[in-house]
Amino acid sequence: MTVRTRFAPSPTGFLHVGGARTALFNWLYARQNGGKFILRIEDTDEKRNTAEAYKVIYDGLNWMGLDWDEGPDIGGEYGPYQQSERSSIYEKYLAQLEAGGHLYEDAGAIRFRSQRKPVLVEDMVCGSITFDMSNPATHPDMTIRRPDGSWIFHFVNVVDDIEMRLTHVLRGEDHLSNTPKHIEIYQALGVTPPKFGHIPLILNQEGKKLSKRDGGSSITYFLDAGYTPEAVANYLCLLGWSPGENREFLTSEDLLTHFDIATINRRNAIFDLDKCFWLNGQHLQHMTLERFEELALPFVDKAGVPYGSPDALRPALAIVKPKVKHLSDVPDWIGFLFTEDYAFDPEAVAKSLAKPGASDRLEALGNALSTLEDWTHAAIEAKLKETATALGVKAGELVHPARVAVSGRSVGPGLYEMFEVLGRERTLARFAKARSLPEIG
RNA sequence: GACCCUAUCGUCCAGCGGUUAGGACACCGCCCUUUCACGGCGGUAACACGGGUUCGAAUCCCGUUAGGGUCGCCA
């Protein structure tokens, strides 16, 4: 039997990281088993049904690299894939339950009568749990349809999972207590339930369920802040799971081969943005330059960095890739390489360039570099050190003023790498420009 | 309140009857170094509590406490 999993978000205009995680786990499970991953939009509340809300879901999943085999946008064998268009299907199942004597009316709404028998939930992550359904006070008969004819989540969710031939339902642990109710519907319909897997929740710093209000609870936050999807996926999998051997850095391909839903623990986990941040730096550092380029380009373009052509941009990206931690920092880290109109940070100028003798040392360095044959970072480094020795000063006495001269700041990419990217002409011109600054004595 | 889940450093994860309780993030030193990073070395820091079971419990059982979740005509 082909594995079929799904992600069934409500179009709220917000993709929660917890939602992204369930989507990721379902996607991984489907891909690991040669199965299908289905996207279904649960929009029984029509107010939510807007094009922008759909776009948020599509964009979020696409960004994470999660592709779906069936969905509202691409169709599929068991469509439509949005609940607002499936009412006739629900009517059919409702009639079946009615015929079985499982329904009754209550103030215009339709309720499902519980059998009041114990229900066993065999969960892929939580194990076997038996729910005693005998107390109507704690397990009231659930409403299935409102007086106005609209449908309630529990019912349509089960019907769709049946109709769409889902074999595995991996979802948040907040649904664990709802599962026996869902199983009762499967039983009333005479259908074998799918396998369930309830994954622990993501908590905020206060240990509460991560909500919209919490910073970093939306997947767009990670996108905008310059996180890479591979780092976010890596981090999300690490929450509650470990591949063993103290391994933590996993590429998306590693995740596909190693991640195992059955071995995640049952404990809710607090989201640690610091660790995600660290992982992001690791991924940035380890990925190919091509991938880095692909991810950084939108940020560079958005900031309006005048890099000219991709060929001119590439070397600049190459020298910041090992150092930058957020893609959103890239424009700031490379901007000065593409304009002679870069700003001088007053503090940086005061700390090195304005120091006595700095201008002279810069001149000496400029003279030495003007005749350097091989304009590579290695040769530049050798020449700078040679010059320092000749002047009888430490390399830092040349390095620091030179850094501020060419970049206007005290923090940035490697100095020799910056020189190399700038080229001799512009490097020396910037030395001269810096020496003519009013602050320089 | 009832029901369900959970309980190892501040945080995440290892540990599955015998360990000096390990790794990572964060934090603090030191080293490397052209800044910032990276990297290296070292440090602070945990088995919630109480009973069992056992020759022996972080590991198994029970209870307590704490946290989370569910109990909608939200999804």
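- Phosphate proximity of C74(B) to Thr44(A): absent, as no side-chain N or O sits under 4.0 Å from OP1 or OP2.
- Out of G68(B), U34(B), A75(B), the shortest distance to the side chain of Lys208(A) is found at G68(B).
- Annotation: proximity of residues 248-257 of chain A to RNA chain B (heavy atom, distance under 4.0 Å) is found for Glu248(A), numbered in ascending order.
- Taking 3.5 Å as the limit, the base of G69(B) and the side chain of Ser177(A) contain a donor-acceptor pair of atoms between them.
- Remark: the Lys323(A) side chain and the U35(B) base include a donor-acceptor N/O pair separated by less than 3.5 Å.
- In the set G23(B), G68(B), A2(B), the nucleotide with an atom closest to the side chain of Leu201(A) is G68(B).
- Trp151(A) comes within 4.0 angstrom of the backbone, heavy atoms only, and of no base.
- Among residues at least two apart or in separate chains, side chain to side chain donor-acceptor pair (under 3.5 Å) pairs with a member in residues 389-399 of chain A are Arg361(A)-Glu397(A).
- Residues that satisfy the ring-ring contact (aromatic ring centres under 6.0 Å, His included) test with Phe344(A), not counting sequence neighbours, are Tyr342(A).
- In this view, His182(A) and Phe153(A), His154(A) satisfy the ring-ring contact (aromatic ring centres under 6.0 Å, His included) rule, not counting sequence neighbours.
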List every contact pair, protein side and nucleotides 27-32 of chain B side both N or O, where the distance is under 3.5 Å.
none

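- Within 4.0 Å (heavy atoms only), Gly414(A) reaches at least one base atom of the nucleic acid.
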Could you go over nucleotides 38-41 of chain B and give all protein N or O partners under 3.5 Å, atom names and distances?
| unit_1 | atom_1 | unit_2 | atom_2 | d |
| --- | --- | --- | --- | --- |
| C38(B) | O2' | Gln285(A) | OE1 | 3.3 |

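- Checked against C71(B), U34(B), C12(B), the side chain of Arg403(A) finds its nearest nucleotide in U34(B).
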